[in-house]
Each structure stands twice: as structure tokens, then as C-alpha cells.
Engineer: 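What follows is a structure written as C-alpha cells; I'll ask about it next.
Keep in mind the model is a prediction, meaning the values are calculated, not measured. Atoms within a ligand are numbered from 1 in the order they appear, just like the ligands themselves.
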Amino acid sequence: MIILLTNDDGIQAPGLTALQSACAGLGEIYVVAPDRERSAVSHAFTLHSPLRAEQVADRSFAVDGTPTDCVNLGVHAILPDRPSLIISGINRGGNMGDDLTYSGTVAAAMEGTMMGVPSIAVSLDLLSSAVDDYHHAASVAVRIASMVLQRGLPPDTFLNVNIPPEGTPQRILITRQGRRVYGGMVDCKTDPRGRSYYWLGGGELDFVDEPGTDFHAVKRGFVSVTPLHFDMTNYRSLSLLQGWIEGEKKEDADA
Ligand code: MN
């Protein structure tokens, strides 16, 4: 059985290394990952330049592209056969709430799902970015990967797994996507040549602490597993918008 690992923190990231070691017993493990950090590239896909994949170790390839590129190259060009599972991670930092829309980690799992391969994204919520111990997170990832291999996933569904920092209970809660509250601050500074530059993503991050959500679970020390799909249709708005069209027709008829 072939399992493909990728990430968005780059092939050197400790989360990927820990995942690779922990998964060794699950099957034939291949790593196809970006050659450098590509966090927050979302579902970006390289269409206008060639890609290179450098073999850096046995069954391990560094690609000068995005996580989505890596899944494509892995499945269609590098792996000897179709993978039974794709795991993206373990990301340095949680991927919850509205942050999912930016996440390269989550997008790689989405890409796998679009190809019909069961896929999971795994992230470790860190208290400090200096921490690089992913061992407990890797064992949680293997536990969930084993469940997926055994039971499969519903069509068009992938799992977004978020693990709390070490030292907390490891019970799994099935959650829904929560809401992030962004600080919206842009840092403006002056470079040594007197020109302005900007740094996005500043300011305090917060979240809506609502029961049943990914944030609520992880902040209380639970492992959060959210089933995701990529149909972004807002079903609750369909009839509202249909009403607009009906109204327009009526106005035309009255005119
Ligand atoms: Mn990342």
C-alpha cells in the first residue's frame, strides 16, 4: 500500500519528518513536498513555468512548486502506483476556522480528494513557534490515518485534523469549521533605502469560541477532526437569490 506525504512548510520541516517516521508501519511511504516553505499559498497551482522534482532521499522528492503541485506530481508522475492515502502535514501551527482558505496544508488534501484519493490534513496548534516536538501529533495522525485506511471516507470528503499542544488529553472530537477574528493590522516600516514596505498578517488573532467548532475543541485540549468538502455553494442563500430573479421578472412584467 502506497501513502503519499506532503506539506506546505517544506521538505525539511520537523512536522513532516516526524510524520514520515510515525507512518513507516502503515505502508510504502513516499514524500513529495515543496523544496521550501509555502505556507498560505492555498490551492495555488503552477501553470506558467516548468516544475523540477529532486530526489533527496529514498522515496523522497523536493519540488520547486506548491503543495497542490506536489500532490499532482506525486500521483501522476512520481509514485509507482496510485496512493491509498494522502496525508498533508504536520503543519507548524493550527489550521482552523477561516484560516483554512489560506492553508496550503489543507489545499493539498483537497487536491488529493479531487483526484479521488482519501486525504487528510494534519496541523499541530503551537503555543510557541519555537516548539518542534511533533511526536504526539504524529501518533494522533497515524491513529486517524489507520481509521481512514480501514473505513475509507465518504465521497468528496476530506479530514482536517488539528492537534492541541503536547501535554493535553488526546480525545478526538468531531467538529465543524469555526470563525477566525483577524486583527487586520498591516505593519508599515521603512527599508534602509528610505522606501516603505508592508508586512501582512500582523495584529492579534482571535476566534469565536463557539461549542462544536474546531477552535473550541483544540483550545480545550481535544483533537479536532472536521470533515470538509469543496462545494462552496451557500445553500441557505439559493432561495433568497432565486427571489431576486423572480422579483426582477415581476418588475419587468409590471413595466
Ligand atoms: Mn505551513
Engineer: Just checking: D9, one of its N/O/S atoms, less than 2.8 Å away from the Mn ion (ligand 1), yes or no?
Structural biologist: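 True for D9.
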Engineer: Could you tell me whether the side chain of L85 reaches within less than 4.5 Å of the side chain of L4, counting heavy atoms only?
Structural biologist: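 The answer is no, as the side chains (C-beta and beyond) never meet within the 4.5 Å cut-off.
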Engineer: Is the Mn ion (ligand 1) less than 2.8 Å from an N/O/S atom of N91, whether that atom is in the backbone or a side chain?
Structural biologist: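 Within the cut-off used here (under 2.8 Å), N91 does place an N, O or S atom near the Mn ion (ligand 1).
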Engineer: With respect to the Mn ion (ligand 1), what is the nearest N, O or S atom of D8?
Structural biologist: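 Result for D8 and the Mn ion (ligand 1): OD1.
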Engineer: Taking 2.8 Å as the cut-off, does N95 contribute an N, O or S atom near the Mn ion (ligand 1), distance below it?
Structural biologist: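 Under 2.8 Å: N95 has no N, O or S contact with the Mn ion (ligand 1).
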Engineer: Is there a path of hydrophobic side-chain contacts, each under 4.5 Å between heavy atoms, that joins L16 and L159?
Structural biologist: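 Same cluster: L16 reaches L159 through Ile, Leu, Val, Met, Phe, Trp or Tyr contacts under 4.5 Å.
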Engineer: Among L228, D99, T213, which residue satisfies the side chain to side chain contact (heavy atoms under 4.5 Å, CB included) criterion with Q177?
Structural biologist: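 Output: one option passes, namely L228.
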Engineer: Parallel, tilted or perpendicular: which one describes the rings of Y182 and Y102, with boundaries at 30° and 60°?
Structural biologist: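 If you compare the ring of Y182 with that of Y102, the planes turn out perpendicular.
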